[in-house]
> 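Encoded as structure tokens, here's the structure I'll be asking about.
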Number of protein chains: 2
Amino acid sequence: MVAILDERKRQVLFAIVHDYIQTAEPVGSRTIARRYELGVSPATIRNEMSDLEDMGYLAQPHTSAGRIPSDKGYRLYVDSIRNIPALTAAEVELIKRHLGSKLRGQEFILEAAARLLSSLTNYTSIVLGPATAAARLHALQIVPLDLSRAVVMVITDGGLVVNEVVELPDSLTHHDLAVLCEMTNRACTGRTLSELRNLDLSTVLGAFNEGISAFESAMDQLIGSLQRKESEHLVLGGATNILNQPDFRDMQKLRNVLKVLEEEALVFKLVTSAAASPASVNIGSENPLEELRECSIITATYSLGGPGIGHISVLGPTRMEYGRVMSLLRFVSQIISEK
Amino acid sequence: MVAILDERKRQVLFAIVHDYIQTAEPVGSRTIARRYELGVSPATIRNEMSDLEDMGYLAQPHTSAGRIPSDKGYRLYVDSIRNIPALTAAEVELIKRHLGSKLRGQEFILEAAARLLSSLTNYTSIVLGPATAAARLHALQIVPLDLSRAVVMVITDGGLVVNEVVELPDSLTHHDLAVLCEMTNRACTGRTLSELRNLDLSTVLGAFNEGISAFESAMDQLIGSLQRKESEHLVLGGATNILNQPDFRDMQKLRNVLKVLEEEALVFKLVTSAAASPASVNIGSENPLEELRECSIITATYSLGGPGIGHISVLGPTRMEYGRVMSLLRFVSQIISEK
DNA sequence: CATTAGCACTCTCGGGCAGAGAGTGCTAAC
DNA sequence: GTTAGCACTCTCTGCCCGAGAGTGCTAATG
């Protein structure tokens with residue numbers, strides 16, 4: 001970190017990263033000298049490579065194999081990407097067609113985006129619906145099922161509906177419920193979910209029936225499940241794409257990654273924490289899950305009408321086409337946000 | 001099929017199936033003679049095995065390897081299982097604890113069942129919510145979002161909620177919508193979804209506003225999405241368990257199976273068609289998807305209060321512990337149905 | 001003094017080979 | 001009909017060897 005790399009070292013490093021990303025094979029000095037016009041001999045490059053390894057930018061699978069970039073090497077490479085590469089006209093056209101006009105409903109858009117990204121990149125894509133905490137309640141409805149259960153439905157201004165079955169205290173009558181529904185509705189409509197979470201129900205309902213404070217627990221249930229729901233708006237695309245990546249020929253590595261992808265809660269944590277970090281790229285060991293220390297994840301955000309932002313990300317091996325994925329993500333999230 | 005196997009051939013076949021299920025290795029004549037008390041020499045068993053192979057019950061990976069059961073062999077084995085093995089007390093206790101009393105909501109029960117089955121069997125479990133076609137509408141609510149969109153929510157008597165955003169014709173006013181909602185609600189409540197599908201809306205709404213027949217298309221949308229939703233109530237458990245099965249050490253086979261599991265629509269088709277066949281066990285090539293010709297799927301049904309039945313199944317290699325899985329499935333579906 | 005040619009060295013990978021092990025199929029004896 | 005014996009086949013493992021790729025070092029060079 002302290003010493004900035006001189007120009008030629010950078011060139012060598014980037015050549016190695018570039019080559020390794022394409023071939024997935026450790027790259028040697030001769031290859032660099034041949035394929036990239038650096039104007040120096042392999043021997044010189046060897047010296048530079050040796051230095052770069054000492055500095056921690058490269059690693060060597062074994063003596064007498066070529067070098068591969070370390071996480072630190074990738075990091076420098078990614079940080080140096082100033083102008084992310086332009087998409088081809090074909091890609092732009094494809095994206096526009098698939099995310100085009102007449103997609104109804106948030107679900108469909110997100111699913112389409114996930115499918116699209118995974119097929120374009122051959123990596124796994126993860127799309128997270130807009131965080132609901134900032135969304136405003138459009139309406140809250142309580143529909144009784146029978147005397148002991150009711151369905152509570154919340155509609156946000158973004159058109160998202162979440163619902164939950166709640167247990168009711170035995171003591172409620174039908175009429176109680178109707179009034180209750182009316183009052184709750186009036187109290188909640190227009191507020192954000194996070195406001196709702198802090199709302200003291202007794203002040204709202206106190207005037208009506210001070211006796212049935214037990215109802216509060218039912219509302220607590222709903223609020224709890226709203227928090228849960230927040231993490232559930234998750235769409236995976238191309239989870240099996242890692243099978244195509246030579247990096248995961250090893251069954252043990254494969255298992256690690258697939259196991260994570262199977263757990264919604266983990267994926268959720270992964271994406272949100274990746275997005276929380278200032279950079280939108282998390283490389284290998286930078287990311288919070290030990291199991292994904294051979295993966296990188298690139299994240300972009302979008303907003304879909306409402307105030308909450310959503311996340312859209314691509315998960316692949318550290319040997320990832322960073323530039324291209326960044327361009328794609330940027331463009332796709334832009335298209336989505338335009339709706 | 002024409003000739004029934006004589007007793008000793010059956011014993012040999014079943015011994016091979018049994019051994020192969022446990023070891024995943026081709027089993028030879030010596031092994032059978034040693035491990036199973038048939039009272040005959042390896043040579044005799046070899047003769048029987050040769051016959052069984054001619055009849056199509058066994059196959060040989062290569063000359064001079066042991067035999068493995070063919071699909072036909074498994075089929076005979078499964079059909080011969082009269083008394084499925086009893087569960088251990090520990091298993092019974094475990095299942096009861098995990099599916100015990102206080103699970104609220106269909107979602108939770110189904111998820112718990114899926115998780116439980118996959119961890120008990122080390123295979124993949126698939127749980128399908130009760131078919132909604134037979135469920136009765138408890139309530140239908142239309143909540144306008146803005147002038148061009150509304151959320152239509154349907155609550156079944158089972159407590160299941162499905163909702164959909166529909167586009168509205170421009171010509172509707174707020175007041176129209178309110179009346180419309182009221183009328184639709186009255187017309188639909190108490191009917192089954194399949195009745196609803198055939199309902200002629202014009203007879204219901206005709207009296208009110210003959211002009212806005214365009215509304216029919218909106219309702220068509222909802223009904224279409226209801227059909228879609230039907231297939232969406234799908235919970236997978238332990239999809240990565242196949243990684244642990246030696247049968248799928250080969251990356252190509254793995255890819256086939258995982259690819260299917262990734263596609264909800266395919267999985268849905270798989271389970272429903274498997275359940276449609278009279279036997280609850282589909283072995284290898286018996287099942288409808290080419291990609292799963294090395295898998296078997298065992299299915300049971302349950303009912304959850306309402307009239308619709310749900311499916312619960314386990315997908316594993318053809319080399320599956322049929323008896324045990326059948327017992328587990330039977331017990332779990334029974335426990336679920338008791339709710 | 002940075003660069004480079006030359007060279008010895010190391011490590012992997014693939015092919016070839018031999019021996020062990022497992023299993024079969026056949027034949028002849030019981 | 002059953003079985004012992006035996007030759008045969010096939011896989012798997014370990015081993016060796018040579019080819020290939022790549023490095024690191026040294027000494028020469030501009």
Side-chain angles (χ1 to χ4, degrees), chain A residues 3 5-13 15-20 22-70 73 246-247 249-250, chain B residues 3 5-13 15-20 22-70 73 246-247 249-250:
Chain A
L5 290 182
D6 71 57
E7 183 53 24
R8 198 174 57 192
K9 280 197 172 48
R10 291 171 64 92
Q11 287 185 341
V12 171
L13 175 58
I16 291 175
V17 173
H18 189 256
D19 212 74
Y20 184 64
Q22 295 196 317
T23 63
E25 305 266 298
V27 19
S29 55
R30 249 179 71 85
T31 313
I32 298 291
R34 205 176 341 108
R35 277 212 265 272
Y36 302 82
E37 310 271 325
L38 299 189
V40 290
S41 77
T44 309
I45 293 177
R46 273 204 289 284
N47 291 331
E48 300 288 28
M49 283 165 81
S50 185
D51 290 352
L52 284 168
E53 184 172 359
D54 288 344
M55 290 186 250
Y57 291 105
L58 294 178
Q60 210 172 6
H62 56 266
T63 347
S64 125
R67 306 297 213 290
I68 64 177
S70 67
D247 313 72
R249 253 187 257 110
D250 178 34
Chain B
L5 291 182
D6 71 57
E7 183 53 24
R8 198 174 59 193
K9 279 197 172 49
R10 291 170 64 93
Q11 286 185 341
V12 171
L13 174 58
I16 291 174
V17 172
H18 189 256
D19 213 73
Y20 184 65
Q22 294 196 317
T23 64
E25 305 266 298
V27 18
S29 55
R30 248 180 70 85
T31 313
I32 299 290
R34 207 178 338 109
R35 278 212 264 272
Y36 302 81
E37 311 271 325
L38 299 190
V40 289
S41 78
T44 308
I45 294 178
R46 274 206 288 284
N47 291 331
E48 300 288 28
M49 283 164 81
S50 185
D51 291 351
L52 284 167
E53 183 171 358
D54 288 343
M55 290 186 249
Y57 291 104
L58 294 177
Q60 211 172 7
H62 56 266
T63 347
S64 126
R67 306 298 214 289
I68 64 177
S70 67
D247 314 71
R249 253 188 259 111
D250 179 34

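In what follows, chains are A, B, ... by sequence order, proteins preceding strands, each numbered from 1. All heavy atoms count here, side chains included; hydrogens, waters and symmetry mates do not.
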> Rounded off to whole Å, could you give me the CD1-to-C1' distance for the B/I32 and C/dA22 pair?
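In whole Å, C/dA22 C1' and B/I32 CD1 are 14 Å from each other.
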
> Please state how far atom CG in B/L58 lies from atom P in C/dG25, giving the value in whole angstrom units.
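To the nearest whole Å, that distance equals 11 Å.
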
> Using the side chain to side chain contact (heavy atoms under 4.5 Å, CB included) rule, take B/S50 and B/N47 through it: C-alpha gap first, then chi angles, then the decisive distance, then the call.
CA-CA 5 Å; B/S50 185; B/N47 291 331; 5.6 Å; no

> My understanding is that only residues two or more places apart in sequence, or in another chain, count here; which of them pass salt bridge (Lys or Arg N to Asp or Glu O under 4.0 Å) with A/D51?
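A/D51 satisfies salt bridge (Lys or Arg N to Asp or Glu O under 4.0 Å) with A/K9 only.
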
> In whole Å, I'd like the distance from the NZ atom of A/K9 to the C1' atom of C/dT3.
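Those two atoms, NZ and C1', are 13 Å apart.
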
> For the pair made of CZ in A/R30 and P in C/dA5, what is the distance, rounded to whole Å?
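Taking atom P of C/dA5 as the reference, CZ of A/R30 is at 12 Å.
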
> Once you round it to whole Å, what is the distance between P of D/dA21 and CZ of A/R35?
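Going from A/R35 (CZ) to D/dA21 (P), I get 12 Å.
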
> Does B/T23 have any side-chain contact (heavy atoms from CB on, under 4.5 Å) partners at least two apart in sequence or in another chain, and if so, which?
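Expected list: B/D19, B/E25, B/R35.
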
> Looking only at heavy atoms, which two atoms of B/V12 and B/L38 are closest? And how far apart?
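That closest heavy-atom pairing would be CG2-CD1, 3.8 Å.
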
> With sequence neighbours left out, write down each residue that passes side-chain contact (heavy atoms from CB on, under 4.5 Å) with A/E7, or none if nothing qualifies.
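A/R10, A/Q11.
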
> For residues 58-67 of chain B, tabulate all N or O donor-acceptor pairs below 3.5 Å that involve a side-chain atom, not counting sequence neighbours.
| unit_1 | atom_1 | unit_2 | atom_2 | d |
| --- | --- | --- | --- | --- |
| B/Q60 | NE2 | B/A65 | O | 3.3 |
| B/R67 | NE | B/E53 | OE1 | 2.7 |
| B/R67 | NH2 | B/E53 | OE1 | 2.9 |

> Taking only residues two or more places apart in sequence or in another chain, which ones pass side-chain contact (heavy atoms from CB on, under 4.5 Å) with B/D250?
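Testing B/D250 for side-chain contact (heavy atoms from CB on, under 4.5 Å), a comparison that skips the adjacent residues, returns B/Q252, B/K253.
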
> Can you find a heavy atom in the side chain of B/Y57 that is under 4.5 Å from one in the side chain of B/L5?
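Contact flag for B/Y57/B/L5 side chains = yes.
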
> Using atom names, set out every protein N or O paired with an N or O of nucleotides 7-10 of chain D below 3.5 Å, distance rounded to 0.1 Å.
| unit_1 | atom_1 | unit_2 | atom_2 | d |
| --- | --- | --- | --- | --- |
| D/dT9 | O2 | B/S64 | OG | 2.9 |
| D/dC10 | O2 | B/S64 | OG | 3.3 |

> Output a table of nitrogen or oxygen pairs between the protein and nucleotides 15-19 of chain D separated by less than 3.5 Å.
none

> Measuring to OP1 and OP2 of C/dG25, would you say a side-chain N or O of B/R67 lies under 4.0 angstrom away?
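Yes, such a contact exists.
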
> Nearest whole angstrom, please: distance from the C1' of D/dG20 to the CZ of A/R34.
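My rounded result for the distance is 13 Å.
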
> Using side chain to side chain donor-acceptor pair (under 3.5 Å) as the criterion, list what pairs up with A/R8, not counting sequence neighbours.
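Here the qualifying residues are A/E48.
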
> How long is the line joining CD of B/E25 and C1' of C/dA22, in whole Å?
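Roughly 11 Å, once rounded to whole Å.
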
> Which heavy atom in A/P69 sits nearest to a heavy atom in A/Y20, and how many Å separate them?
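Heavy-atom minimum between the residues: CD-CD2, 3.5 Å.
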
> For A/R46, give me all partners under side-chain contact (heavy atoms from CB on, under 4.5 Å), at least two apart in sequence or on another chain.
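Partners of A/R46 under the side-chain contact (heavy atoms from CB on, under 4.5 Å) test: A/S29, A/P42, A/A43.
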
> Where along residues 41-54 of chain A does a heavy atom fall under 4.0 Å from DNA chain C?
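Nucleic-acid contacts, sorted: A/S41, A/A43, A/T44, A/R46, A/N47.
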
> May I have the distance from B/R8 (atom CZ) to D/dG1 (atom C1'), rounded to whole angstrom?
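To the nearest whole Å, that distance equals 8 Å.
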
